[in-house]
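Input: a single structure, listed below in structure tokens.
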Amino acid sequence: MSRVVIAPLPNDSSVTLPAGSQWRRVGALPQGDVYRSQSGLFTVQTRRQGEAYVVATSGKMVGFYLPGEGAFMPLSRPVTLPVEMRQ
């Protein structure tokens with residue numbers, strides 16, 4: 001991420017993706033491509049705190065994939081991602 005991204009969660013909280021964070025595509029869901037943090041564990045608070053992968057499509061983050069629950073969690077609204085592609 002080229003800048004901080006704040007993503008609104010459906011439980012009226014939000015999560016912050018730090019500037020400079022790097023994400024690697026690890027798969028896909030019907031909702032979009034799935035990206036895992038390259039700089040360690042990234043977590044979000046749901047019913048319990050757990051690891052989360054970013055789900056994005058067409059340059060927008062649409063939610064998180066929660067591998068511990070095997071579930072997709074949509075954002076309250078999609079957020080444009082300020083990304084820089086690395087070669």
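Any value given below was found using the heavy atoms of this structure, including those in side chains, with hydrogens, waters and symmetry copies removed.
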**Message:** Test: salt bridge (Lys or Arg N to Asp or Glu O under 4.0 Å). Region: residues 14-23. Which pairs qualify, not counting sequence neighbours?
**Reply:** none
**Asked** Which pair of heavy atoms, one from Thr57 and one from Gly32, lies closest together, and at what distance?
**Response** CB-CA, 4.1 Å
**Request:** Would you indicate whether the side-chain heavy atoms of Gln31 and Pro74 approach each other to under 4.5 Å?
**Result:** no
**Request:** Please answer whether the main-chain N or O of Gly50 pairs with a side-chain N or O of Thr43 as donor and acceptor at a distance below 3.5 Å.
**Result:** no
**Asked** Who are the salt bridge (Lys or Arg N to Asp or Glu O under 4.0 Å) partners of Arg25, not counting sequence neighbours?
**Response** Asp33
**Complete:** Using a 4.5 Å side-chain heavy-atom cut-off and chaining through intermediate ILVMFWY residues, the residues clustered with Leu29 come out as Val26, Val34, Tyr53, Val55, Val62, Tyr65, Phe72
**Item:** Listed once per pair and sorted, the salt bridge (Lys or Arg N to Asp or Glu O under 4.0 Å) pairs that draw on residues 49-71, sequence neighbours left out
**Value:** Arg36-Glu51, Arg47-Glu69
**Cluster companions of Ile6 among Ile, Leu, Val, Met, Phe, Trp, Tyr (side-chain spacing under 4.5 Å)** = Val4
**Prompt:** What heavy-atom pair brings Val79 and Pro8 nearest, and what distance separates the two atoms?
**Reply:** CG2-CD, 3.7 Å
Output side-chain donor-acceptor pairs under 3.5 Å for residues 12-21, partner residues at least two apart or in another chain, one line each.
residue, atom, partner, partner atom, Å
Ser13, OG, Asn11, OD1, 2.5
Ser21, OG, Pro18, O, 2.8
Ser21, OG, Trp23, NE1, 2.9

**Request:** For Met73 and Val44, work out which heavy atoms get closest and say how close.
**Result:** CE-CG2, 3.9 Å
